[in-house]
Amino acid sequence: MAIDDLMSRVGSAPVWEIDIHSADDGQLMKISQEMGLSLSVDEMKMVRDYFASEGRKPTDIELQSIGQAWSEHCCYKSSKIYLKEFVFAIDHPDIISRGDAGVMLFDEDYAYALRIESHNHPSAIEPYGGAATGIGGILRDVVCMGAQPIALVDPLCFGPIDSDKDLPPGVKHPRYLMSGVVSGIRDYGNRVGVPTLSGAFYFDEKYTGNCLVNVGCLGIVKRDEVCNNFAGGPGELLILCGGRTGRDGIHGVTFASLELQESSEEESRGAVQLGDPITKEPLIHACLEVNRLGLITGMKDLGGGGLSCVIGEMALAAGCGAVVDLDKVPLKEEDLAPWEIWVSESQERMMISTTEDKVEEILEIFKTWDILATVVARTTDEKRTVVLWHGEKIFDMDLHFLTGGPVYCRPYQGFESIPEKRENIPKLPDTSTILLNMLSDPNVASKEWAIRQYDHDVRASTVLRPLVGPPYSNGPGDASVLRPLPNSIRGLAVAVGCNPWFTSEDPYKGGMSAVEEVCRNLVAVGARPHSITDCLNFGNPERPERLGEFREAIRGLGEAAAFLGLPIPSGNVSFYNESPQGAVLPTPMIMGVGIVDDIHRCISSDLKGVGNLLYVVGDTEKEMGGSLLYRIYGGAGGRVPSVDLEAFKRKTDRLLQAMKEGIVLSCHDCSDGGLAVCLAEMCIGGDMGASISLASMGKTDPITKMFSESNGRWIAEVPPDKEEKWQSIMGKDARFIGITGGPTVMIHGGGIDLPVKTLRRAWGDPIWDIMG
Amino acid sequence: MILYGILWGEDVNPEEIKVCIMRIEGTNCEDETYNACKAAGCNPELVHLNQLTGHAKDRRDLEEYDALAFPGGFSAGDYVRAGAIFAARVKSSLGKEMRTFVEAEKPIIGICNGFQILVELGLLPATDGISKVPTAALFTNDSGRFECRPTYLKNQGGGKCLFTRKIPRGKVVMFPSAHAEGKLMGDNDRFLDRLEENGQIVFRYVNPDGRPSGYPWNPNGSPGNVAGICNPSGNVLGLMPHPERALDPLTAPDWTRHKKKEGDGMAIFRSMVDSLCR
């Protein structure tokens, strides 16, 4: 029996009833597939039981709504139990809200909002639109907390952009993807006037079939203007504001909850939304204005699942239900079926709740900004959503059932028993060649090509940019710093951290390292790490080894965050990052936020003057697992850098103390490529050489000293007359390695003596040469 | 709270100077332009074009204001020639009021997208008076890309432009640039010569040493390295780089090396207020 035979029209609305009660397992699956619900047989049976208890058949719009609400993307059914165990439990007195974005205390009167999420699958299909709408979505998450967006952060992962290998069918060239994604971020971010302040690029074969596009945002809001993401109570009106609703972005969340296939482009092109920053820009103004004036009780953005998710969630969180006049929704095109209107993820839409007496004033403000605003629903005191189509009931569901969703404890593979892989030390050329090759590796090389296309100065509050040093030198910064309030010297620093190669070799250490790296970046500019948010990009959780990686990684990151007192007030899980070529590297991307007490004390990574002293902070161990050196030269196995949280905390406190005393001139974190790359980057940024010796770094071999990626390390520049003070603060955590100055980078005991000019070319040119 | 410490000796109270900061959808540098005016001591107001044309509540009249600023951004998305849509809306609904405003020699500044708008309105270069159709355009950068980078400008003016009175001739200032369409081109071969003869060239891009230089110091390929021009009477200034992003000395790109008391951009807004106080 075809599923058509199970469908029949009801009433005069363009809505069909589906007789799931007489469907067998095979037909249930067929219904799920043909309607694009992405529900399993067991889930379909739960749905059947529910409607049996209601004593009727479901309509198409009801089934579609469940498909959205129960998708992995919306209900976190595979990750929830682990997030609860390792992440949600971290409490902090500065957390103000764990809403659509997290909100943390900034100072007495202000709070900042933070969130990061993924837009991976849409970007793999349509890089420009996928990335642009990713920016749009994350902006809405911050705006619906009542916060003005002040920074965008975009960590991106692609396959090798310099590869000329043939690609599998359906896979787009990484160069094309990167070009499209960067253009999408540029054109959306620049147009809405929010600076793109930080980001990262990761290149690996494993990202070829499924690129990762993570988008983060920071906002600033007065403490007493932080907005709820739910209604104030029954009897309120819900106003849909912003763009019209169309067929773009249908089934976006279910598409995000499947692996990518060769045929994804053809089948799921319609799941990618269309961005319109010039509707978003005034929408932000209007939404923030009605919130500031105290006219609204709640605000929530229309993201995954569209109206079907936002109305139920806004009502249920307020202990209410809602009655919706679906025919009132302004449309882009005629003849959308009610279910399409209900689940469409068309962009630039927000929902606000308010009491009846405020409606007129709200509509007036939206009119000034030439933005559509329409009353579409009313909250009720019964926890059900009822949808009307020209007065006719087409949807009537219990909200607990609809938004509850299943929770799974899927089988996962433990990592405890995996034996350490045998270390395969690669054959290496001379150390100068190694250093130059490392600097030219796209993972390390200058990202100026992208950074200069993003407006990182708009809003006129950028204190430290992604590129540092004299205006002609463009050295790499560790974290960017903002002055969010012009009357205050308090700064907000933002950075990203993740090492997918560590995570792939050892997910637990990788998760920890990601948190440590982001903190290292923040501390390098003089910021005290304050909170983090994570975007957890993993493969298919229905595969035990993938879920095992996920569980181990968040166990590590949760442990590190808890020890360091860093709350994670928001976050995002992105599973199913798999293509026929396999899963992506496990990528727990962390965005960290730090607070700078006095921005005058911010430190950049470029060397400042001749004759200053250079110190390495932290110990260097033989930890080559997952290192850039092994990746370039074909090494394998080896110990993945571990994290000593206690030592890290001590070093952080001491380094921040030294910075507060004003005795640190520059500071840079040691990560990809180790100490040698770190020093070279400081020299490139400062347009000045340095001469160091490896002798003080203990007994290991020079290759380890120069290229190991042990965690917990920085290089710092200190003026000679502050040597004593520095040593009294740092104790045994800092070792003197050399002095600044001269035209070359000289590493005694390491066989390196290279002109800064040569290093600059090696580091500065590759991505320009590849991307043009 | 006064941010940057200001001393006043003039007759007119600067707080009475009303500046209209005009915006539509996609205008996105209005807050910092507002802060700049505020820091210079005058009384700015963010005004939506719909308020000036009577299409929104809180009706305003352009006449009420002493100065006008078109901030940067991507007005209406700039999906056609940058600034063209904003200019067309102003022309059709506010044309007469604009002309009166210019002819009264009240100060008008257009920054980045604002410069593009002034050119589209025919208010710049206006070498032969306000033109009905644009006589110049800001072309796509030679690089073909959006360019966000620090730029150095040398003040070329002989004191004609009222926005640069507090900047010595020949002085090099740093205002950052961020645009995709900033290459100033005219409709005839003598375009640059005439600007020069008329003293309309206000700023040229230079390198950090103050010498004329190509890309990247001239980020867009503008012939003659022209970064900003004024009209023949000197009350209308348009420039691609952003003085309103150079108020706070701690947002300068090299502040960790060279500390300044205040950003270079303040002088533009102080000059404007100064000219209205006399």
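Below, chain A is the first sequence line, B the second, and so on; all start at residue 1.
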(message) Under a 3.5 Å distance rule, please check whether B:Glu32 uses its side chain to pair with a backbone N or O of A:Arg459 as donor and acceptor.
(response) yes

(request) Taking A:Arg191 for its side chain and B:Ala76 for its backbone only, find out whether a donor-acceptor pair lies under 3.5 Å. (result)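 Between the backbone of B:Ala76 and the side chain of A:Arg191 there is no qualifying donor-acceptor contact (under 3.5 Å).
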
Might you confirm whether atom [atom1] of [X] has over 12 heavy atoms from other residues, nucleotides or ligands at distances under 6.0 Å?
{"X": "B:Arg81", "atom1": "CZ", "value": "no"}
{"X": "B:Glu63", "atom1": "CD", "value": "no"}
{"X": "A:Lys660", "atom1": "NZ", "value": "no"}
{"X": "B:Lys57", "atom1": "NZ", "value": "yes"}
{"X": "B:Lys259", "atom1": "NZ", "value": "yes"}

Which distance, rounded to the nearest 0.5 Å, do you find between the [atom1] of [X] and the [atom2] of [Y]?
{"X": "B:Asp248", "Y": "A:Arg483", "atom1": "CG", "atom2": "CZ", "value": "4.0 Å"}
{"X": "B:Cys112", "Y": "A:Asp455", "atom1": "SG", "atom2": "CG", "value": "8.0 Å"}
{"X": "B:His48", "Y": "A:Trp369", "atom1": "NE2", "atom2": "CH2", "value": "5.0 Å"}
{"X": "A:Arg452", "Y": "B:Arg149", "atom1": "CZ", "atom2": "CZ", "value": "5.0 Å"}
{"X": "A:Asp457", "Y": "B:Phe175", "atom1": "CG", "atom2": "CZ", "value": "14.0 Å"}
{"X": "B:Thr256", "Y": "A:Leu464", "atom1": "OG1", "atom2": "CG", "value": "7.0 Å"}

Which residue out of [options] racks up the most heavy-atom pairs below 4.5 Å with chain A?
{"options": "B:Arg257, B:Met174, B:Arg145, B:His242", "value": "B:Arg257"}
{"options": "B:Asn50, B:Asp254, B:Asp78", "value": "B:Asn50"}
{"options": "B:Glu30, B:Arg23, B:Glu244, B:His258", "value": "B:Arg23"}
{"options": "B:Ala178, B:Cys29, B:Gly26, B:Gly265", "value": "B:Gly26"}
{"options": "B:Thr27, B:Asn207, B:Ile24", "value": "B:Thr27"}

At a heavy-atom separation under 4.5 Å, does [X] approach chain B through its side chain, its backbone, both, or neither?
{"X": "A:Val194", "result": "neither"}
{"X": "A:Thr279", "result": "neither"}
{"X": "A:Thr462", "result": "backbone"}
{"X": "A:Asn190", "result": "both"}
{"X": "A:Asn474", "result": "neither"}

(message) At a heavy-atom distance under 4.5 Å, which candidate from A:Pro282, A:Ser604, A:Pro470 has the highest pair count against chain B?
(response)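 Looking at each option in turn, the highest pair count goes to A:Pro470.
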
(request) Please determine, among A:Lys367, A:Glu281, A:His285, the option with the most heavy-atom pairs under 4.5 Å with chain B. (result) A:Glu281

Within a strict 4.5 Å, meaning less than it, do heavy atoms of the [X] and [Y] side chains meet?
{"X": "B:Tyr152", "Y": "A:Pro471", "answer": "yes"}
{"X": "B:Asn28", "Y": "A:Val458", "answer": "yes"}
{"X": "B:Trp255", "Y": "A:Val463", "answer": "yes"}

Quick one: what part of [X] sits under 4.5 Å from any heavy atom of chain A, side chain, backbone, both or neither?
{"X": "B:His55", "result": "backbone"}
{"X": "B:Leu49", "result": "neither"}
{"X": "B:Ala252", "result": "backbone"}

[X] and [Y]: which non-hydrogen atoms are nearest, and at how many Å?
{"X": "B:Phe146", "Y": "A:Gln453", "value": "CD2-O, 3.2 Å"}
{"X": "A:Tyr472", "Y": "B:Trp217", "value": "CB-CZ2, 3.7 Å"}
{"X": "A:Asp370", "Y": "B:Glu25", "value": "OD2-OE1, 4.3 Å"}

